[in-house]
Colleague: 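Take a look at the following structure, please.
Since we're looking at a predicted model, the values are computed, not measured.
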Amino acid sequence: TSRFVALRQTFSKDHMFLKALVLSGFCCKGGHQPFGSILPGAVVSFETQDRNGNAVRGMGSCSVGSSYLHNPTLPYVVLGLGGTSNFISKLTIGLSHDHKGKQWYRQWELLVPNSQVILIPKPPHKPPKWTLQLYLTPSDLIYSVSGVLLGICVGILIIILLLHAREKYQDSKERKQAK
């Protein structure tokens, strides 16, 4: 006898991710941004901490190769960060080495989780000149955080106005007493 079981997946918004895309940087002539095409073979790794303070590390690779013998792969890497809401301590992106065995990589620190990074390694042999673009994914909390911030600003403004009015009243009272 076979038994069927239905499972319901609930999407939890407290799990974070990082989506990385590495482009070649080669583009047509003109004043266009040199995005280029997908660069296969790039390796993306991260380091962060979980809620308990333990180190969390992960790694992924960008591979575009697909043919009739292989499954098609995504041109980007999605790294799951787990339930942490900490900043990504260190993001390292490296390119495949050249014929002399030299490797090119670069590290970035303190990136925002739930975001997408696009690396344009132009020129590939000069990592300090690489461009990293960060695209944030806004969450539902942005409205509540904005509301709290606005409420705090209004509260401070009311306190300032009350203190200013009290100071004016005391000054006018002192002037009347001096006359």
Side-chain angles (χ1 to χ4, degrees), residues 9-51 53-149:
Q9 180 180 3
T10 57
F11 179 70
S12 176
K13 292 186 178 185
D14 65 341
H15 286 75
M16 305 293 172
F17 69 92
L18 177 69
K19 184 177 175 182
L21 176 65
V22 182
L23 300 175
S24 67
F26 299 114
C27 188
C28 53
K29 294 180 181 177
H32 301 290
Q33 179 77 357
F35 283 109
S37 60
I38 307 301
L39 187 64
V43 176
V44 180
S45 66
F46 74 91
E47 293 180 19
T48 188
Q49 292 182 347
D50 64 4
R51 293 178 179 162
N54 301 324
V56 176
R57 293 183 178 95
M59 178 184 237
S61 174
C62 300
S63 59
V64 181
S66 64
S67 68
Y68 71 95
L69 295 175
H70 300 282
N71 294 335
T73 58
L74 297 173
Y76 51 82
V77 177
V78 178
L79 299 168
L81 303 175
T84 181
S85 58
N86 292 335
F87 285 96
I88 299 166
S89 304
K90 192 184 302 181
L91 177 72
T92 306
I93 300 179
L95 304 181
S96 55
H97 61 284
D98 63 0
H99 64 282
K100 297 177 185 175
K102 185 165 184 173
Q103 297 177 352
W104 299 305
Y105 67 93
R106 183 157 175 208
Q107 292 182 348
W108 289 270
E109 294 181 355
L110 296 179
L111 294 173
V112 180
N114 278 5
S115 61
Q116 177 178 354
V117 293
I118 297 178
L119 174 67
I120 304 171
K122 183 156 176 100
H125 58 279
K126 294 184 180 175
K129 294 191 175 194
W130 291 358
T131 304
L132 185 75
Q133 297 178 351
L134 178 71
Y135 295 93
L136 297 176
T137 304
S139 69
D140 298 336
L141 294 175
I142 202 151
Y143 298 114
S144 60
V145 170
S146 300
V148 168
L149 183 63

Colleague: Can you check whether R57 reaches S45 side chain to side chain, under 4.5 Å on heavy atoms?
Modeller: no
Colleague: Could you give the distance from CD1 (I120) to CD (Q133), rounded to the nearest 0.5 Å?
Modeller: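 If I round to the nearest 0.5 Å, the distance is 4.5 Å.
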Colleague: I'd like to check V22 versus L95 (side-chain heavy atoms, cut-off strictly below 4.5 Å). Are they in contact?
Modeller: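 The answer is yes, as the side chains (C-beta and beyond) meet within the 4.5 Å cut-off.
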Colleague: Are V56 and F46 packed together at the side-chain level, in the sense that at least one heavy-atom pair is separated by less than 4.5 angstrom?
Modeller: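 V56 reaches F46 side chain to side chain.
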Colleague: Restricting to non-hydrogen atoms, name the atom on Y105 and the atom on P127 that form the minimum distance, rounded to 0.1 Å.
Modeller: O-CB, 3.5 Å
Colleague: What is the minimum heavy-atom distance between P128 and R106, and which atoms define it?
Modeller: O-NH1, 3.4 Å
Colleague: Could you tell me whether the side chain of L134 reaches within less than 4.5 Å of the side chain of L132, counting heavy atoms only?
Modeller: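 No, too far: nothing below the 4.5 Å cut-off.
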Colleague: So W108 and I93, do their side chains get closer than 4.5 Å, heavy atoms only?
Modeller: yes
Colleague: Can you check whether S89 reaches L110 side chain to side chain, under 4.5 Å on heavy atoms?
Modeller: no
Colleague: Is the closest side-chain heavy-atom distance between L119 and V117 below 4.5 Å?
Modeller: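 Answer no - side chains too far apart.
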Colleague: State whether the number of non-hydrogen atoms from other residues, nucleotides or ligands found under 6.0 Å of F17 atom CZ is greater than 12.
Modeller: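 Yes.
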Colleague: Could you check I88, N114, L79 and say which one makes a side chain to side chain contact (heavy atoms under 4.5 Å, CB included) with M16?
Modeller: N114
Colleague: Any heavy-atom pair between the side chains of M59 and V43 that's under 4.5 Å?
Modeller: yes
